[in-house]
Amino acid sequence: MELPFAEPYKIKVVEPLRRSSREEREKWIKEARYNLFNLRSEQVFIDLLTDSGTGAMSHHQWSEMMLGDESYAGSASYFKLKKVINELLGMPYFVPTHQGRAAENVLFSATIKEGDLVPGNSHFDTTKGHIEFRRATAVDCTIDEASETLLYHPFKGNIDLNKLEDVFRNNPREKIPMCIITVTCNTSGGQPVSMQNIREVSALCKKYGIPVIFDAARFAENAYFIKQREKEYANHSITDIVREMYDHVDAATMSSKKDAIVNIGGFVACRDKELFDKISMYCILYEGYLTYGGLAGRDLAAMAQGLTEGCRYDYLESRIGQVAYLGKLLKEYGIPCQEPTGGHAVFVDAGKVLPHIPREEYQAQTLAIELYLEGGVRGVEIGTLLADRDPKTRENRYPNLELVRLAVPRRVYTNNHMAFVAACLGNIFERRDKITKGFRITKEAPIMRHFTVELERK
Ligand SMILES: *Cc1c(COP(=O)(O)O)cnc(C)c1O
């Protein structure tokens, strides 16, 4: 018999969780104006809001925290991180930033101007926010298969080369500062991009003289999927695959709160000295001096260690295996989920669970609220609230899918927690016909409204 995987770590410190009553949760979510971001963490039993900055650091990372060098300039912790970025990613230059969106701010300040077009696979919300804030446009060139949740495709994060080339053909070169490949593609369901697609996108961009950038938050999870699903890489090590992925791009923004398994941190890495000089100015302006970039020395050191741990095969196998386990349980209850299960999260197709609720009443938000009421489980809406309004018409933008994302923090929960979450959704699925009303917005911000939106029941 082939042995199953088991977590390649044991638990040394535990943090107690408290279960609450349905009455308590009814009161709390109303006080939170039906916005799950407004809940206090004590009001949540299992928190699958995000896998960002919520991971458990290893004792090696904690010991790096103690070794952190807090010098303003030339910190030893900076050089530890530099060595890992140079050797693991093959990127000669980098600036640290306090998180991923800060990396976007630094890089885009140097590269994107008003009226520009930025094609890529479904851009992450902060990425799109930083593009639109500069009065530029993010053009989604993801393959059509990505929006058919029940269709199996091994690489639903892939870019459609025809869509991409159309953008290149129909617009002047100087209006396209870059093409962004998000690995894995968060917005399309934590779905990976194949090495073949990375290679082809990179070649096409080269032909048109357009730089290719990774939004690299989950690059290691993407590498694991390449190893699993792309035959010629089955015998490659994760670190070899990672290196080859980066070899195809000119620069990368990183949210280290994901695959570097730290609670805060990020960076921009690049190949070109001229670009490095440009982003250095913005790093100093927005983040801090070049050898700390808005972080403490100890954070840089923990990030260096986390980048290394995040690329280990047995860790990735158990991490992605746990997410797949949650997906498998949900499917056993008959709940429609994005196929195949993504690397960091299961995406429940709320449009198919609650088709009788009008989209103007926010199907995915309605399901996310039900899940909280059922068991104190916090997921997040990836649907119309997140899609925001069209910047010109101010009308709601209706995305292809109404999803509830259950993002699994790294090394934090056990499979019993996953079983609890699945059972909660199983109960809701059974009584789905009795859920007949959604929500209306009472207050919203002009950009990235989902974080602060206030709602009431219809
Ligand atoms: C999280 C994330 C970001 C933004 O990073 P923060 O650290 O949250 O600022 C950007 N892109 C992707 C794909 C992400 O998942």
Side-chain angles (χ1 to χ4, degrees), residues 82 84-95 97 100 103-104 106-108 110-112 116-124 127 130-131 138-142 155 157-161 164-165 167-168 173 176-186 191-227 230 233 236 238-256 258-260 266-276 278-279 307 310-311:
K82 181 172 171 49
V84 175
I85 290 174
N86 293 162
E87 289 174 5
L88 181 68
L89 312 182
M91 285 281 173
Y93 303 106
F94 88 104
V95 293
T97 62
E104 290 163 357
V106 165
L107 177 65
F108 296 174
T111 51
I112 298 180
D116 280 354
L117 297 170
V118 184
N121 49 356
S122 309
H123 305 63
F124 183 65
T127 318
H130 271 293
I131 292 168
V139 187
D140 189 349
C141 298
T142 314
F155 293 103
N158 279 358
I159 289 179
D160 183 323
L161 294 163
L164 184 62
E165 190 156 20
V167 178
F168 292 170
R173 156 73 191 86
I176 310 171
M178 64 180 72
C179 168
I180 300 178
I181 312 178
T182 307
V183 286
T184 59
C185 188
N186 194 347
Q191 300 291 322
V193 181
S194 69
M195 189 73 87
Q196 184 186 341
N197 192 247
I198 294 170
R199 196 185 301 127
E200 288 172 354
V201 167
S202 171
L204 187 64
C205 288
K206 209 161 265 149
K207 185 173 140 196
Y208 285 87
I210 290 160
V212 193
I213 310 294
F214 269 154
D215 179 349
R218 299 180 185 80
F219 72 96
E221 292 175 5
N222 199 91
Y224 177 83
F225 282 120
I226 288 176
K227 185 172 169 65
E230 218 168 337
Y233 291 93
H236 285 50
I238 296 291
T239 48
D240 284 351
I241 295 172
V242 163
R243 184 57 183 268
E244 188 176 330
M245 284 167 59
Y246 276 86
D247 282 349
H248 291 296
V249 301
D250 301 289
T253 55
M254 176 71 187
S255 169
S256 298
K258 322 289 174 41
D259 276 3
F267 58 85
V268 185
C270 68
R271 250 175 239 300
D272 179 39
K273 174 76 165 65
E274 212 175 301
L275 179 61
F276 172 70
K278 276 193 209 156
I279 63 175
L307 276 170
C311 288

Task: F124/T253 under side chain to side chain contact (heavy atoms under 4.5 Å, CB included): CA gap, chis, key distance, verdict - done: CA-CA 12 Å; F124 183 65; T253 55; over 6 Å; no
Checklist entry - Can you check side chain to side chain contact (heavy atoms under 4.5 Å, CB included) on C270 and F94, steps first, answer last? => result CA-CA 6 Å; C270 68; F94 88 104; over 6 Å; no
- Query: Can you check whether Q191's main-chain N or O pairs, donor with acceptor, with R218's side chain at less than 3.5 Å?
  - Reply: no
Check: Would you say D215's side chain and I181's backbone share a donor-acceptor pair under 3.5 angstrom?
Finding: no
**Report entry** Backbone of M91 reached by a side-chain donor or acceptor of N86 within 3.5 Å
**Finding:** yes
field: Side chains of L307 and I85 in contact at under 4.5 Å (non-hydrogen atoms)
entry: yes
Practice problem: Without swapping roles, check the side chain of D250 against the backbone of I213 for a donor-acceptor pair under 3.5 Å. | Solution: no
Exercise for review: Show your reasoning for whether salt bridge (charged side-chain N to carboxylate O under 4.0 Å, His left out) applies to R243 and E87.
Suggested key: CA-CA 9 Å; R243 184 57 183 268; E87 289 174 5; over 6 Å; no
Quick one: does Y224's side chain get under 4.5 Å of I238's, heavy atoms only? yes
(message) Using side-chain heavy atoms (C-beta onward) and a distance below 4.5 Å, is M178 in contact with V212?
(response) no
Interatomic distance, SG@C311 vs CG@L88, rounded to 0.5 Å, equals 4.5 Å
In short, G120 meets C179 closest at the heavy-atom pair CA-SG, 4.5 Å
Closest non-hydrogen atoms of A216 and A252, given as atom of the first, atom of the second and distance, are CB-CB, 4.3 Å
Item to complete: Using modelled atom types only, decide if a donor and an acceptor are shared between the side chain of T127 and the backbone of H123 within a distance under 3.5 Å.
Response: no
For F155 and S194 the tightest heavy-atom approach is CD2-N, 3.3 Å
Of all heavy-atom pairs linking V139 and L117, the shortest is CG2-CD2, 4.1 Å
message: A side-chain contact here means heavy atoms from C-beta on lying under 4.5 Å apart; do F225 and V193 qualify?
response: no
So does P92 get a backbone contact from the side chain of K82, meaning a donor-acceptor N/O pair under 3.5 Å?
yes
CD of E200 to SG of C205, rounded to nearest 0.5 Å, is 12.0 Å
* **Side-chain (T184) to main-chain (N222) donor-acceptor, under 3.5 angstrom** => no
Practice problem: Could you tell me whether the side chain of V118 reaches within less than 4.5 Å of the side chain of P177, counting heavy atoms only? | Solution: yes
Short question: side chain of S202, backbone of H248 - any donor-acceptor pair under 3.5 Å? yes
**Request:** Evaluate the side-chain proximity of T111 to L275: yes if any heavy-atom separation is below 4.5 Å, no if none is.
**Result:** yes
Notebook entry, point to check: Taking C-beta and beyond as the side chain, do I176 and D116 meet within less than 4.5 Å on heavy atoms?
Noted result: no
Closest non-hydrogen atoms of I159 and V201, given as atom of the first, atom of the second and distance, are CB-CG2, 3.8 Å
Distance col, row D259:CG vs E221:CD, nearest 0.5 angstrom, shows 4.5 Å
When rounded to the nearest 0.5 Å, the distance separating CD of E104 from CG of L107 is 9.0 Å
Taking every heavy atom of K227 against every heavy atom of Y233, the minimum-distance pair comes out as CG-O, 3.7 Å
Rounding to 0.5 Å, atoms CD (Q196) and CD1 (I226) come to a distance of 11.0 Å
Check: N197 side chain, N158 main-chain N or O, donor-acceptor pair, under 3.5 Å:
no
Between the OH atom in Y93 and the CG atom in D272, the distance rounded to the nearest 0.5 Å is 8.0 Å
- Polar side-chain atom of E230 near backbone of M195 as donor-acceptor pair, under 3.5 Å: yes
- request: Quick one: do C141 and V167 satisfy side chain to side chain contact (heavy atoms under 4.5 Å, CB included)? Show the steps, please.
  value: CA-CA 9 Å; C141 298; V167 178; 4.1 Å; yes
Do F214 and Y246 have ring centres separated by under 6.0 Å?
yes
Taking the side chain as C-beta and beyond, is there a heavy-atom pair between F219 and M254 under 4.5 Å?
yes
Plane angle bin for F168 and Y208 - parallel if under 30°, tilted between 30 and 60°, otherwise perpendicular
tilted
